[in-house]
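The structure appears below as structure tokens.
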Number of protein chains: 2
Amino acid sequence: MASIKDVANLAGVAVGTVSRVINNAGAVKPATRDKVKAAIEQLNYVPDEVARNFKMQKSKMIALLLPSIWHPFFSELAYYIEDELDREGYKLMLCNSGGKPEKELYYFDMLKQNKVAGVVGITYNDIENSVSTDIPMISIDRHFNKKITCVTSDNFEGGRIALRELVKAGAKKPAFLGNVPFVYSETMLRKEGFVHEAKILGVPYEVYEEPDPLRDEDKYYSTFLNRYQDIDGVFAITDMAAAKYIEKAKEAGIRVPDDVKVIGYDGIQDHPFFHPLLSTIRQPVEEMARTAVRLLLKKTEGETLDREVYQIPVTYRAGETT
Amino acid sequence: MASIKDVANLAGVAVGTVSRVINNAGAVKPATRDKVKAAIEQLNYVPDEVARNFKMQKSKMIALLLPSIWHPFFSELAYYIEDELDREGYKLMLCNSGGKPEKELYYFDMLKQNKVAGVVGITYNDIENSVSTDIPMISIDRHFNKKITCVTSDNFEGGRIALRELVKAGAKKPAFLGNVPFVYSETMLRKEGFVHEAKILGVPYEVYEEPDPLRDEDKYYSTFLNRYQDIDGVFAITDMAAAKYIEKAKEAGIRVPDDVKVIGYDGIQDHPFFHPLLSTIRQPVEEMARTAVRLLLKKTEGETLDREVYQIPVTYRAGETT
DNA sequence: ATAAAAAGTGGAAACGATTCAAACTAAGTA
DNA sequence: TACTTAGTTTGAATCGTTTCCACTTTTTAT
């Protein structure tokens, strides 16, 4: 592989000049520029990015730290994040934490060692202190502090819409279902919005927010089914939770949407084998992804952002469950 | 950030010695080692990976180049690839090509510039000449040449199993559905296996392999439905194709599995909102992913592999469509 | 006790780029 | 002509490691 020195030799100029040509920085006589370009061409020279990163003390690499790329919501998010990064000449490093705090911390160390330019994080840790000011960071759906800007959908408004749509679909007594065992999460605002709107409209409602729905799902849902037998609407905190509820409800002989209307949150169903098609509050995943990237890149350039939390509007998408 | 020089100063030794301590290479007196370790501790020193990559002329970064991480098969694959890489101390760079040949080439250039240690590629290009010997590479499902080792599921056997299972489920005249407009793909062996087994068993069959199912899907499937009205079984080349067929068939008043049994290929349905649950030939995604990584890392260490194509056995998973 | 071998350590060179002060050139001005 | 100014170019220093050769110290063998 030819280096900048080889180019300089062949063109009969100094390495500094070649550098200026490559980066379009500083003044270079047209004649010199042509000579250099010819040499570059002839040697098939491309700058060594690693050397550049080293000298510059930073790389054009952004890390995406999330629980699991396998989850459809995250994989869609990752798709758009990569796309936006690529447009800006950045690369994406993918880190699955499995939602394990210790692995998140391990990744943060690694990322620091590798001098990544920034991190988009979907984390379960109280990372407030772990990361702090070292690396520019954007968080999706988690609001830690002013250093870590948060991009999220308008969860509160989403909750309000969900309640209204359940009522519109005929539900007399809807329930909220779901929990995030995590203080910093913005997603519990979905519940707040739901409750807020129910109070405004004077609609009776229930809220089921047992902790830790991840282990012993069977019990989790059967408890819910037993406790609130008179409900006729469910707003689940995620599509995944909605789908699980529907499955368990079906087993218990409850028909959706005849007996119970169901609305989820996310809108991840873009494949032909998703059935039933959920009624859901659709997160603008693409816009969230691109916003997160753009904000992050601003941060890496030293700009300070004007807000701590950026909320992207959501829309309701009617499916087969209301 | 403290550098190796700071450590050397504090410990009262030379940088070379510190380097030897860090890398456990060469001989160092226990006493010296302790001094150095204490200094490292005190300064909170961590080696700069970028500088190391630069000096070593290679990084511990593997690129995953695929059409779209959004696709559930790829996102599952990516999950396991990342996991296996992490175990080995490597990082994953994610590149979505959108299946566009020019973008694939663009990424190859970029990867070369960034001196990645290797590439796992799922490409649509005739990359045989573009990459060649520069970067160690493993391909999933595509068999180009000896330089690019291929990891794939046992497509031929999968096709045979699919036919047998369709027959077992009662199909008298099954059809193969699907096409990959790409010469190097191993996936068309699914058809070969299907046909092979039909001939052995003396079962009448049909094969529908129109090119380019990506544009104008409606026409693609309606043509299929019209042309082969007497078939009562479908083996689709992917789960995605199977799901689309089922959707179109339903619209045409065909009941699955009553009128037509359907078997797909992939086994990507691990979420509660996938319905109907497809009968399918399950690819061992995890094993494929880990195998690909292990083979690739062997390559990066200069080993030559004993085979050009590694086929991982598949299994049949009964669902609701047979 | 001495020589030879082995173990341990120091420090400079190298990797490939960017940057910056200094030097040089060309053009304009008095 | 001499001086100023702006435009170009040079080349050494630098980033943080690893590596290798030379040198010193310790161990082993005779």
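Computed from heavy atoms alone, side chains included, the values below leave out hydrogens, waters and symmetry copies. All chains are named by letter (A, B, ...) in the order of the sequence lines, taking the proteins before the strands, and each is independently numbered beginning at 1.
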Query raised in the report: Are any of A:Ser19's side-chain N or O atoms less than 4.0 Å away from OP1 or OP2 of C:dT18?
Result: yes
Requested in this report: Check whether any side-chain nitrogen or oxygen of B:Gln57 sits under 4.0 Å from OP1 or OP2 of C:dA14, and answer yes or no.
Outcome: no
Query raised in the report: Going by the salt bridge (charged side-chain N to carboxylate O under 4.0 Å, His left out) test, which pairs reach into residues 58-79 of chain B, not counting sequence neighbours?
Result: B:Glu76-B:Arg282
Query raised in the report: Within the structure shown, what part of the strands sits under 4.0 Å from B:Asn53 by heavy-atom distance: base, sugar-phosphate, or nothing?
Result: nothing
[X] [atom1] - [N] [atom2] separation (whole Å):
X: A:Ile22; N: C:dT19; atom1: CD1; atom2: P; answer: 12 Å
X: A:Asp48; N: C:dA14; atom1: CG; atom2: C1'; answer: 14 Å
X: A:Leu43; N: C:dG16; atom1: CG; atom2: P; answer: 14 Å
X: B:Met56; N: C:dC15; atom1: CE; atom2: P; answer: 12 Å
X: B:Lys115; N: C:dA17; atom1: NZ; atom2: C1'; answer: 11 Å

With sequence neighbours excluded, residues passing side-chain contact (heavy atoms from CB on, under 4.5 Å) with [X]:
X: B:Thr187; result: B:Asp141, B:Asn155, B:Val180, B:Ser185, B:Arg190, B:Ile237
X: A:Asp83; result: A:Arg87, A:Arg290, B:Lys103
X: A:Pro313; result: none
X: B:Arg20; result: B:Thr17, B:Val28

Any side-chain heavy atom of [X] within less than 4.5 Å of one from [Y]?
X: A:Val13; Y: A:Thr32; answer: yes
X: B:Tyr107; Y: B:Val119; answer: no
X: A:Ile22; Y: A:Arg52; answer: yes

Going by atom type alone, with no hydrogens or angles, which donor-acceptor pairs under 3.5 Å involve a side-chain atom of residues 294-309 of chain A and a protein atom two or more places apart or on another chain?
| from | atom 1 | to | atom 2 | distance (Å) |
| --- | --- | --- | --- | --- |
| A:Lys299 | NZ | A:Met137 | O | 3.0 |
| A:Lys299 | NZ | A:Lys147 | O | 2.4 |
| A:Lys299 | NZ | A:Thr149 | OG1 | 3.1 |
| A:Thr300 | OG1 | A:Leu297 | O | 2.6 |
| A:Asp306 | OD1 | A:Tyr310 | OH | 2.5 |
| A:Glu308 | OE1 | A:His143 | NE2 | 3.3 |

**Report entry** Inter-end axis angle, the helix from C:dA1-D:dT30 to C:dA30-D:dT1, with every axis fitted to five base pairs (rounded, 10 degrees)
**Finding:** 50°
Requested in this report: Give, for atom CD of A:Glu82 and atom SG of B:Cys95, the distance between the pair rounded to the nearest 0.5 Å.
Outcome: 6.0 Å
Just the atom pairs and distances: protein N or O near nucleotides 8-12 of chain C's N or O, under 3.5 Å.
| from | atom 1 | to | atom 2 | distance (Å) |
| --- | --- | --- | --- | --- |
| C:dT9 | OP1 | B:Thr32 | OG1 | 2.2 |
| C:dT9 | OP2 | B:Lys29 | N | 2.9 |
| C:dT9 | OP2 | B:Thr32 | OG1 | 3.3 |
| C:dG10 | OP2 | B:Ala14 | N | 2.9 |
| C:dG10 | OP2 | B:Thr17 | OG1 | 3.0 |

Distance-only donor-acceptor hits, side chain of residues 37-44 of chain A, under 3.5 Å, sequence neighbours excluded:
none

Report summary line: In numerical order, the residues of residues 1-11 of chain A whose heavy atoms come under 4.0 Å of DNA chain D are none
Query - B:Lys115: salt bridge (charged side-chain N to carboxylate O under 4.0 Å, His left out) partners, not counting sequence neighbours - result: A:Asp48
Requested in this report: Would you grab the first and last nucleotide of DNA chain D (5' to 3') that comes under 4.0 Å of any non-hydrogen atom in chain A?
Outcome: D:dT8 to D:dG16
Report task. Determine, step by step, whether A:Thr152 and A:Glu186 satisfy the side-chain hydrogen bond (donor to acceptor under 3.5 Å, both in side chains) criterion, reporting the C-alpha distance in whole Å, the side-chain angles of both residues, the deciding distance to 0.1 Å, and the verdict. Result -> CA-CA 7 Å; A:Thr152 184; A:Glu186 289 281 289; 5.0 Å; no
